[in-house]
There are 2 protein chains.
Amino acid sequence: MALNTLGEKTIQTDGCCQTDGCCGPTQILGMAVESAENLAQLFKAISSPVRVQMLDILSRHGGDVCVCDIESQFDLSQPTISHHLGVLRKAGLIQSEQRGLWAFYFVRPDALAQVSGWLAGLAAKQA
Amino acid sequence: MALNTLGEKTIQTDGCCQTDGCCGPTQILGMAVESAENLAQLFKAISSPVRVQMLDILSRHGGDVCVCDIESQFDLSQPTISHHLGVLRKAGLIQSEQRGLWAFYFVRPDALAQVSGWLAGLAAKQA
DNA sequence: CATCTAAATCGAAGTTTGTCAATATGGTTT
DNA sequence: AAACCATATTGACAAACTTCGATTTAGATG
């Protein structure tokens with residue numbers, strides 16, 4: 001159990017361990033580094049105003065949206081739009097489908113739910 | 001309404017407008033740029049593995065956590081820890097309280113709920 | 001087949017981020 | 001008051017990100 005220099009407990013152990021020696025201060029890190037990296041990567045993918053708006057557009061529309069229509073909503077070059085869509089796609093948050101000359105994008109609700117769920121869990125643990 | 005060069009509708013208008021001319025293609029962007037920037041800033045604050053783990057630690061523990069105990073969970077210098085905590089604090093996701101020599105941090109569930117809520121809304125809109 | 005079009009990729013410039021050593025700040029102990 | 005301790009701030013540097021112009025790719029059209 002972690003003690004500060006006053007000898008006070010600075011981390012309360014929960015349920016499983018009420019006594020010293022049961023589980024040390026390392027216990028307060030309950031998340032695998034790997035999970036943290038996966039989650040951080042998802043958050044990083046959303047962490048741009050452009051990509052937030054892209055997700056908004058795609059979700060607001062029930063189905064597929066043509067890249068050309070996304071492009072027209074921003075004052076950005078075509079390569080930049082393509083880059084941002086690529087970031088969201090590589091993160092697994094959206095998916096694309098080629099139909100003829102056009103590419104259509106749509107959100108992957110499962111991926112969004114995963115991120116949303118983790119955040120909801122954080123807030124919920126706060127009694 | 002957006003048409004591709006085949007003359008096909010590439011964006012379906014929803015409920016409010018079924019005919020051309022009611023609301024143009026600009027309608028598909030339903031979010032204020034300002035909101036997008038605010039949300040993106042919150043996501044950016046979470047978009048690092050270190051800060052994801054910090055949020056996990058703080059939420060896993062019901063109350064305040066001393067900085068010294070957070071520090072001991074990472075193989076990072078003290079200034080770096082302080083920097084990451086500062087990013088989360090400036091974003092409004094966590095809050096700190098000075099008690100004597102020590103600083104204690106805790107999460108702000110309302111801020112987490114805001115982000116989580118937006119994401120849940122995105123996923124929900126997908127019928 | 002030559003041309004056109006939509007989207008992706010490449011390469012480069014400018015900006016932001018992550019990290020640490022050094023230092024500053026503000027409270028505590030002797 | 002002098003020394004000490006925990007945390008924050010500053011300054012510097014490397015890595016990553018954003019953006020664009022130029023080019024490439026792949027499908028459609030004449």
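A quick note: this is a predicted structure, and the numbers were derived from the prediction, not measured. Just so we're on the same page: letters track the sequence lines, and every chain starts at 1.
No more than 12 heavy atoms of other residues, nucleotides or ligands shown are found within 6.0 angstrom of CD on A:Gln41. Atom CD of A:Glu34 has 12 or fewer neighbouring heavy atoms from other residues, nucleotides or ligands inside a 6.0 Å radius.
Only A:Leu76, A:Ser77, A:Pro79, A:Thr80, A:His83, A:His84, listed by number, bring a heavy atom of residues 76-85 of chain A to less than 4.0 angstrom from any atom of DNA chain D. For DNA chain C, no neighbouring residue in residues 91-100 of chain A is found when judged by any heavy atom under 4.0 Å. Taking a 4.0 Å limit (strictly below) on heavy-atom distances, residues 34-51 of chain B reaches DNA chain C at B:Lys44, B:Ser48, B:Arg51.
The CZ atom of B:Phe104 sits 12 Å away from the C1' atom of D:dT7 (whole-angstrom rounding). A straight line from CG of B:Leu101 to C1' of C:dT28 spans 5 Å, rounded to a whole angstrom. D:dC5 atom C1' lies 12 Å from atom CD of B:Glu71, rounded to whole Å.
A cation-pi arrangement is found for B:Arg99 relative to B:Phe104, the charged atom lying closer than 6.0 Å to the ring centre and inside a 45° cone about the ring normal.
Judged by distance alone, with hydrogens and angles left aside, the side-chain atoms of A:His61 form a donor-acceptor pair with the main-chain N or O of A:Asp64 at under 3.5 Å. Judged by distance alone, with hydrogens and angles left aside, the side-chain atoms of A:Ser82 form no donor-acceptor pair with the main-chain N or O of A:Pro79 at under 3.5 Å. The backbone N or O of B:Ala45 lies less than 3.5 Å from a partner atom in the side chain of B:Arg51, making a donor-acceptor pair.
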